[in-house]
Asker: 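Please find one structure pasted underneath; my questions will follow.
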Amino acid sequence: MQIDELLKKSQNGEPFSTEELVQMLRYAPDSPESYRIMAASNRISKELSGNRAEVHAQFALNLAPCACNCAFCSFAQKNGVFTRETRISPEEAVAQARQFEQDGASAVFVMTTAFYPFELFLEISREVRRNLKPQTVLVANIGDQPPQNARQVKDAGFTGVYHAVRLREGSDTGIPSRRRKASIKNFLEAGLSVGTCVEPVGPEHTNEEIAEMILFTGSFNPAYSGAARRIPIPGTDMARLGMISELRMAQIVAVTRLGVPRSVTGNCTHEPCTLGAVAGANLFWAESGANPRDTRERTEEGRGETVRSCRILFQESGWELLEGPSRFYRDRH
Ligand code: SF4
């Protein structure tokens with residue numbers, strides 16, 4: 001199929017097959033075809049979100065060596081980056097959440113590593129919830145959960161979660177992909193919106209793998225999909241595989257937008273960048289505290305962006321910003 005036909009199909013809102021997505025991913029990232037796909041994605045994202053990009057912000061309740069051993073993660077025990085656990089207090093958690101609220105984040109994310117005690121997560125989250133404005137959207141980024149825990153997450157005042165089946169889940173990670181999928185189902189059935197992403201993309205991933213993951217992310221009507229590249233953790237086995245360019249990531253962000261149904265209004269990328277925003281990303285994250293892509297204990301001193309810097313990246317890319325609570329998450333209810 002020619003690029004004109006692919007774009008026509010997109011204009012008509014028709015679904016794409018794996019093969020068609022592979023064809024779009026196969027174009028060189030700097031080819032005229034890729035730029036046309038990015039332009040189409042930008043237009044769709046702007047239409048779906050009324051030209052209002054969103055900045056969400058995540059802080060971590062802990063930092064700990066994690067036995068799930070995802071090869072790309074700085075918390076993975078086998079990567080040896082962090083050797084002891086540190087946790088923040090409920091007061092610090094409240095302060096971080098309130099700071100993000102004050103900075104204008106459209107959603108506040110609470111992250112933990114996979115083995116953080118679930119009861120403690122709930123307890124601190126309830127305290128955070130009590131100290132935020134009622135309209136502030138709270139999102140959990142936590143490990144896999146059975147149905148009863150998913151309901152407790154909802155009851156603690158969360159609107160949604162972030163959860164993804166990562167590329168090569170089960171081989172690059174210690175978690176079977178069926179467990180990730182079961183958690184997504186449990187979260188959805190508990191009434192939580194699920195945001196997701198095609199991640200973490202490295203140079204070794206084939207176009208077929210990426211295309212299949214794009215279709216999977218679109219299959220459960222998430223709050224948003226998108227694409228994020230893998231950030232190499234220095235000294236790890238996976239770092240030797242390298243990193244895709246920002247332009248290649250922008251191409252994948254754009255193909256994801258075209259490959260996911262229009263009912264999904266959000267399209268994220270991480271880490272935040274103007275190329276991603278130009279290619280149709282309408283969601284970025286600011287971060288503080290522990291970060292699985294950073295070797296610093298406090299990512300605000302390392303790779304983490306602020307709400308303000310994310311907003312500037314969007315503005316520089318021709319986007320306006322949503323003021324107030326997330327529509328990507330809120331719209332699901
Ligand atoms: S990505 Fe999550 S589950 Fe995997 S090692 Fe890191 S903290 Fe553990």
Side-chain angles (χ1 to χ4, degrees), residues 18 56 58 60-62 64-79 109-118 121 139-154 158-202 204-206 208-231 238 252 256 259-260 264 266-270 283 285 291-293 328-329 332:
T18 308
H56 298 182
Q58 172 168 283
L61 293 185
N62 77 322
C66 177
C68 289
N69 276 324
C70 305
F72 43 78
C73 174
S74 63
F75 305 142
Q77 214 158 28
K78 68 175 184 182
N79 286 337
F109 283 50
V110 182
M111 191 206 86
T112 71
T113 58
F115 295 102
Y116 187 82
F118 184 69
F121 159 75
V139 178
N141 184 359
I142 55 177
D144 291 292
Q145 303 298 335
Q148 65 273 25
N149 287 17
R151 287 192 291 274
Q152 286 183 281
V153 172
K154 172 81 176 156
F158 286 94
T159 302
V161 297
Y162 175 82
H163 216 71
V165 176
R166 282 77 56 89
L167 288 159
R168 300 196 185 172
E169 191 80 71
S171 53
D172 285 348
T173 74
I175 309 171
S177 64
R178 66 173 181 283
R179 194 187 301 163
R180 307 288 295 175
K181 287 178 180 166
S183 296
I184 289 173
K185 183 168 169 282
N186 296 340
F187 290 133
L188 291 168
E189 286 179 358
L192 292 155
S193 288
V194 179
T196 197
C197 186
V198 177
E199 58 120 331
V201 188
E204 76 279 15
H205 295 122
T206 64
E208 286 74 14
E209 285 175 284
I210 296 169
E212 276 163 19
M213 191 57 82
I214 290 172
L215 291 177
F216 170 72
T217 65
S219 69
F220 57 89
N221 202 23
Y224 51 84
S225 183
R229 66 176 172 170
R230 183 177 66 234
I231 304 297
M238 197 144 253
I252 300 169
T256 303
V260 165
V264 181
N267 194 41
C268 68
T269 198
H270 202 63
L283 170 58
W285 283 274
N291 168 0
R293 287 167 308 281
F328 302 148
Y329 276 106
R332 324 303 290 178

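Remember, it's a predicted structure, so these values are computed and weren't measured experimentally.
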Asker: Roughly how far apart are Cys68 SG and Lys78 NZ, rounded to 0.5 Å?
Answerer: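 The distance works out to 11.5 Å.
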
Asker: Is the closest side-chain heavy-atom distance between His270 and Arg293 below 4.5 Å?
Answerer: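 Touching, per the 4.5 Å side-chain cut-off.
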
Asker: Between SG of Cys73 and CD1 of Ile231, what distance do you get to the nearest 0.5 Å?
Answerer: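 Atom-to-atom, Cys73:SG and Ile231:CD1 are 13.0 Å apart.
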
Asker: Using atom types as modelled and distance alone, determine if a side-chain donor or acceptor of Tyr329 lies under 3.5 Å from a backbone N or O of Val161.
Answerer: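 Flag set: sc Tyr329 to bb Val161 pair under 3.5 Å.
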
Asker: Go through the structure and list residues passing salt bridge (Lys or Arg N to Asp or Glu O under 4.0 Å) with Glu212, not counting sequence neighbours.
Answerer: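 Per chain and number, Glu212 pairs via salt bridge (Lys or Arg N to Asp or Glu O under 4.0 Å) with no residue.
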
Asker: Whether the side chain of Asn186 engages the backbone of Gln145 through a donor-acceptor N/O pair (distance < 3.5 Å, no angle test) should be reported.
Answerer: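 Side chain of Asn186 to backbone of Gln145: a pair is present.
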
Asker: Are side-chain N/O atoms of Asn62 and Thr112 paired as donor and acceptor at under 3.5 Å?
Answerer: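 No.
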
Asker: Can you check whether Glu199's main-chain N or O pairs, donor with acceptor, with Arg166's side chain at less than 3.5 Å?
Answerer: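 No: the side chain of Arg166 does not pair with the backbone of Glu199.
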
Asker: Charged N to carboxylate O below 4.0 Å: is that the case for Arg168 and Glu209?
Answerer: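 Salt bridge present between Arg168 and Glu209.
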
Asker: Between Glu169 and Ser177, what is the shortest heavy-atom contact and its length?
Answerer: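 Answer, listing the atom of Glu169 first, then Ser177: CG-CA, 3.7 Å.
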
Asker: Okay, side chain of Asp172, backbone of Phe72: is any donor-acceptor separation there less than 3.5 Å?
Answerer: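 No: the side chain of Asp172 does not pair with the backbone of Phe72.
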
Asker: Listing request: all salt bridge (Lys or Arg N to Asp or Glu O under 4.0 Å) pairs with a residue in residues 186-198, at least two apart in sequence or in separate chains.
Answerer: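 Every pair satisfying salt bridge (Lys or Arg N to Asp or Glu O under 4.0 Å) with a residue in residues 186-198: Lys185-Glu189.
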
Asker: Which heavy-atom pair separates Arg230 from His205 by the least distance, and what is that distance?
Answerer: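 Scanning both residues completely, I find the closest heavy atoms to be NH1-CE1, 4.0 Å.
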
Asker: If you measure only the distance, is there a donor-acceptor pair under 3.5 Å linking the side chains of His163 and Asp144?
Answerer: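 A pair is found: one side chain offers a donor N or O, the other an acceptor, under 3.5 Å apart.
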
Asker: Is it possible for you to check whether Lys181 lies under 6.0 Å from the centre of the six-membered ring of Phe216, through NZ or CZ, and within 45° of that ring's axis?
Answerer: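 The answer is yes; both the distance and angle limits are met.
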
Asker: Between atom CG of Leu188 and atom CG of Asn221, what is the distance when rounded to the nearest 0.5 Å?
Answerer: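 Rounded to the nearest 0.5 Å, the CG-CG separation comes out at 8.5 Å.
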
Asker: Let me confirm one number: the CG-OG1 distance from Leu61 to Thr113, rounded to the nearest 0.5 Å.
Answerer: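 Nearest 0.5 Å value for the CG-OG1 distance: 9.5 Å.
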
Asker: Could you tell me how the ring of Phe109 sits relative to the ring of His56: parallel (under 30°), tilted (30 to 60°) or perpendicular (over 60°)?
Answerer: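 The rings of Phe109 and His56 sit tilted, inter-plane angle from 30° to 60°.
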
Asker: Is the side chain of Ser74 donor-acceptor paired with the backbone N or O of Asn291 at a distance under 3.5 Å, no angle test?
Answerer: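 Indeed, once roles are kept as given, a pair shorter than 3.5 Å links the two residues.
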
Asker: Centroid separation under 6.0 Å, is that true for the rings of Phe121 and Phe158?
Answerer: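 Yes, the ring centres sit under 6.0 Å apart.
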
Asker: Which residue is it: Val264, Ile214, Leu215? I am looking for the one with a side-chain contact (heavy atoms from CB on, under 4.5 Å) to Thr256.
Answerer: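 That would be Ile214; it is the only one of Val264, Ile214, Leu215 passing the side-chain contact (heavy atoms from CB on, under 4.5 Å) with Thr256.
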
